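Please read all numbers here as calculations on a predicted model, not as lab measurements.
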Amino acid sequence: MVTTADRFGAVPTAISANITQRVVLRMADEQAYNVLGVAKDVLSERSAPGRAIIKGHEAQIAVLGGTANVAEQTALTTSWAQELAASGAPQAAGVESLPQEFSAAALPDSVNGLPVIGLSDATLGPCGFEPIGTFVIAGPPQSGKTNAMRAMVTALQRANPATQFFHIGGRRAELRGWRTWNGTASGPAETRQFAKDMLDLVADESMPGKIVFVVENFTEFADSDAERPLKELLKAINRSDHFLIADGDINSFSSSFGLLGELKSNRHGIALKPDAYDGDSLFKVPFPRVKRHEFPPGRGFMVQNGQRTLVHLPLVEQ
């Protein structure tokens with residue numbers, strides 16, 4: 001691999017430590033030569049373009065045609081590329097990146113036997129998730145939390161059409177009318193009774209099939225009449241093969257006690273548009289230095305089994 005940088009500080013330390021050879025051209029700052037480990041009295045501001053230090057020796061970089069005219073260099077380089085292609089030289093693959101937006105239809109039904117949550121930054125291919133226990137979807141406003149819920153439900157339905165889906169939410173829940181649910185509960189009072197009714201069903205290991213619970217704005221139910229029954233239901237889900245997805249504003253998930261503590265105990269979920277400290281707060285897994293404005297809606301770090309993966313979720317029609 002050959003890479004270029006316009007100044008010595010442009011290369012991150014983690015990358016610089018793995019570079020075995022350097023070609024040092026004329027630098028604007030004299031101190032840069034010391035940092036790069038070469039003599040500072042070889043090159044100066046009067047050095048010709050292409051004059052360099054290579055393995056401790058002064059050298060002059062060659063160019064096609066031996067001309068300093070950029071237009072002529074470009075023409076000769078283009079001609080050389082055409083000659084290489086005509087001789088059968090393989091074309092280098094482009095450096096791709098995650099798309100800003102894509103449809104759920106572009107994803108397969110499963111990968112390695114798991115439902116597909118989206119595309120992984122590591123492979124730019126489909127990324128699966130384990131649909132067992134509790135799963136947190138956290139993010140600031142306009143980060144794509146509701147679409148993430150749709151994407152996960154769609155993925156689970158495609159991977160296992162026999163799955164039963166139940167919805168829990170407040171009066172402003174957006175997903176209640178999105179699809180036909182096997183059952184719904186609205187508000188703390190209904191949710192309190194619903195959680196009690198579902199507890200025995202979840203705990204019954206003889207019951208065939210899979211149950212998935214979708215809870216919108218989970219923190220609404222903390223410190224409410226539904227908190228204790230919901231906490232018992234979460235415990236039962238975490239001991240079973242069933243699944244619960246819950247979303248909420250990332251600033252509301254700071255507590256590690258009570259209902260929120262039980263939801264986060266599985267340390268499984270995704271932080272959309274994250275900050276660096278969100279990994280420790282949500283999953284006890286550190287995130288690298290990131291800035292929220294660099295993440296488009298639907299992109300974030302997914303954590304499962306103590307490992308983080310940068311993923312982008314598909315856009316699902318409402």
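Between Lys210 and Asp241 no salt bridge is recorded (no basic side-chain N to carboxylate O distance below 4.0 Å). The pair Arg292-Asp278 meets the salt-bridge criterion, with a side-chain N (NZ, NE, NH1 or NH2) lying under 4.0 Å from an Asp/Glu carboxylate O. With respect to Glu45 and Arg26, no salt bridge is recorded, no charged nitrogen being found less than 4.0 Å from a carboxylate O.
Under a hydrophobic-cluster definition in which Ile, Leu, Val, Met, Phe, Trp and Tyr are linked whenever side-chain heavy atoms come within less than 4.5 Å, directly or via other members, Met207 and Leu234 are assigned to the same cluster. Note: the hydrophobic cluster containing Val316 also contains Met149 (ILVMFWY, side chain heavy atoms under 4.5 Å, direct or indirect links). The same ILVMFWY cluster, assembled from side-chain heavy atoms under 4.5 Å apart, contains both Leu282 and Leu263. Hydrophobic clustering (side-chain heavy atoms under 4.5 Å, transitive across Ile, Leu, Val, Met, Phe, Trp, Tyr) keeps Leu259 apart from Ile137. Residues Leu244 and Phe283 fall within the same hydrophobic cluster, defined by Ile, Leu, Val, Met, Phe, Trp and Tyr side chains chained together at heavy-atom separations under 4.5 Å.
Put simply, the side chain of Thr78 gets close to the backbone of Thr74: a donor and an acceptor are under 3.5 Å apart. When atom types are taken as modelled, the side chain of Ser47 and the backbone of Leu43 share no donor-acceptor pair closer than 3.5 angstrom. Remark: the backbone N or O of Ala52 is not paired with any side-chain donor or acceptor of Gln60 at under 3.5 angstrom. Side chain of Asn266 to main chain of His268: no donor-acceptor pair is present (N/O by atom type, distance under 3.5 Å, no hydrogens or angles). The main-chain N or O of Asn217 is found under 3.5 Å from a side-chain atom of Asp247 such that the two form a donor-acceptor pair. At least one donor-acceptor pair closer than 3.5 Å links the side chain of Lys264 to the backbone N or O of Ser255. Put simply, the side chain of Ser79 never gets that close to the backbone of Ala75: no donor and acceptor are under 3.5 Å apart. Gln304 places a side-chain N or O within 3.5 Å of a backbone atom of Glu130 that can act as its donor or acceptor partner. Judged by distance alone, the side chain of Asn18 and the main-chain N or O of Ala14 form a donor-acceptor pair under 3.5 Å. Proximity of a side-chain donor or acceptor of Lys145 to a complementary backbone N or O of Gly139 within less than 3.5 Å is detected.
Crowding of Glu174 atom CD: a count of heavy atoms from other residues, nucleotides or ligands under 6.0 Å not exceeding 12. Dense packing is recorded around CZ of Arg179, with more than 12 heavy atoms of other residues, nucleotides or ligands lying under 6.0 Å away. Taking a 6.0 Å sphere around CD of Glu294, one finds it holds more than 12 heavy atoms contributed by other residues, nucleotides or ligands.
Nearest heavy-atom pair, Ile250 versus Pro140, reported as atom, atom and distance to 0.1 Å: CG2-N, 4.1 Å. Residue Arg308 comes nearest to Pro286 through the heavy atom pair NH1-O, 2.9 Å, listed as atom of the first residue, atom of the second, then distance. Considering all non-hydrogen atoms of both residues, Val311 and Cys127 come closest at CG1-SG, 3.9 Å. The minimum heavy-atom distance linking Thr309 with Ser120 is given by the pair CG2-OG, 3.5 Å. Taking all atoms of both residues into account, the shortest heavy-atom contact from Ile132 to Ser240 is CG2-O, 3.6 Å. Here the closest non-hydrogen pair linking Trp181 and Leu175 is NE1-O, 3.1 Å.
Residues satisfying the side chain to side chain donor-acceptor pair (under 3.5 Å) test with Glu227, not counting sequence neighbours, are none. Partners of His242 according to the ring pair (Phe, Tyr, Trp, His ring centres under 6.0 Å) rule, which considers only residues two or more places apart in sequence or in another chain, do not exist here. Every side chain to side chain donor-acceptor pair (under 3.5 Å) that Ser16 has, sequence neighbours left out, goes to Arg22. Residues satisfying the side chain to side chain donor-acceptor pair (under 3.5 Å) test with Arg267, not counting sequence neighbours, are none. Remark: Phe165 pairs with no residue by the ring pair (Phe, Tyr, Trp, His ring centres under 6.0 Å) rule, at least two apart or across chains. A search for ring pair (Phe, Tyr, Trp, His ring centres under 6.0 Å) contacts involving Phe213 returns Phe166, not counting sequence neighbours. Residues meeting the side chain to side chain donor-acceptor pair (under 3.5 Å) test with Asp204, sequence neighbours left out: Ser206. Legend: residues meeting ring pair (Phe, Tyr, Trp, His ring centres under 6.0 Å) with Phe301, ordered by chain and number and at least two apart, are Phe287, Phe295.
Using the six-membered ring where Trp is involved, Phe135 and Phe243 have ring planes that are perpendicular, over 60° apart on the 30 and 60° scheme.
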Between side-chain atoms of residues 187-203 and protein atoms elsewhere (two or more places apart, or another chain), which donor-acceptor pairs fall under 3.5 Å?
| from | atom 1 | to | atom 2 | distance (Å) |
| --- | --- | --- | --- | --- |
| Glu190 | OE1 | Ser186 | N | 2.9 |
| Thr191 | OG1 | Gly187 | O | 2.7 |
| Gln193 | NE2 | Asp197 | OD1 | 2.9 |

Which pairs of donor and acceptor atoms, one on a side chain in residues 30-39, lie under 3.5 Å apart (sequence neighbours left out)?
| from | atom 1 | to | atom 2 | distance (Å) |
| --- | --- | --- | --- | --- |
| Gln31 | OE1 | Asn34 | ND2 | 3.4 |
| Tyr33 | OH | Met27 | N | 2.8 |

Anything under 3.5 Å between a donor and an acceptor, one on a side chain of residues 90-119, the other on a protein residue two or more places apart or in another chain? List them.
| from | atom 1 | to | atom 2 | distance (Å) |
| --- | --- | --- | --- | --- |
| Ser103 | OG | Ala105 | N | 3.1 |
| Asp109 | OD1 | Arg158 | NE | 2.9 |
| Asp109 | OD1 | Arg158 | NH2 | 2.9 |

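Taking Ile, Leu, Val, Met, Phe, Trp and Tyr as members and joining any whose side-chain heavy atoms lie under 4.5 Å apart, directly or through other members, the hydrophobic cluster of Val11 also contains Ile15, Ile19.
In this structure, OG1 in Thr77 is found 4.5 Å from CG in Leu64, a value given to the nearest 0.5 Å. To the nearest 0.5 Å, the span separating CD on Glu262 from CG on Asn238 amounts to 5.5 Å. Atoms OG1 and CG, on Thr134 and Leu233 in that order, are 11.0 Å from each other to the nearest 0.5 Å. Rounded to the nearest 0.5 Å, atoms CG (Leu124) and NE2 (His312) are 12.5 Å apart. For the atom pair NZ of Lys273 and CG of Asp275, the computed distance is 11.5 Å after rounding to the nearest 0.5 Å. In this structure, OG1 in Thr180 is found 13.0 Å from NE2 in His167, a value given to the nearest 0.5 Å.
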Q: Take Ile168 and Glu216 through the side chain to side chain contact (heavy atoms under 4.5 Å, CB included) test and state the conclusion after the steps.
A: CA-CA 6 Å; Ile168 300 173; Glu216 286 190 75; over 6 Å; no

(Q) Could you walk me through whether Ile61 and Val23 satisfy the side chain to side chain contact (heavy atoms under 4.5 Å, CB included) test, starting with their C-alpha distance in whole Å, then the side-chain angles of each, then the deciding distance to 0.1 Å, before giving a yes or no? (A) CA-CA 10 Å; Ile61 305 298; Val23 175; 4.2 Å; yes

**Q.** Working for side chain to side chain contact (heavy atoms under 4.5 Å, CB included), residues Ile54 and Gln21
**A.** CA-CA 8 Å; Ile54 304 174; Gln21 297 185 61; 5.8 Å; no

Q: Decide side chain to side chain contact (heavy atoms under 4.5 Å, CB included) for Asp280 and Val285; before the verdict, give the C-alpha distance in whole Å, the side-chain angles of both, and the deciding distance to 0.1 Å.
A: CA-CA 5 Å; Asp280 287 318; Val285 174; 6.0 Å; no

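Looking at heavy atoms from C-beta onward, Val136 lies out of side-chain contact with Ile245 at the 4.5 angstrom threshold. Between Arg51 and Leu25 the shortest side-chain heavy-atom distance does not fall below 4.5 Å.
For Arg176 and Trp178, the positive end is not near the middle of the six-membered ring at less than 6.0 Å and at most 45° from its axis.
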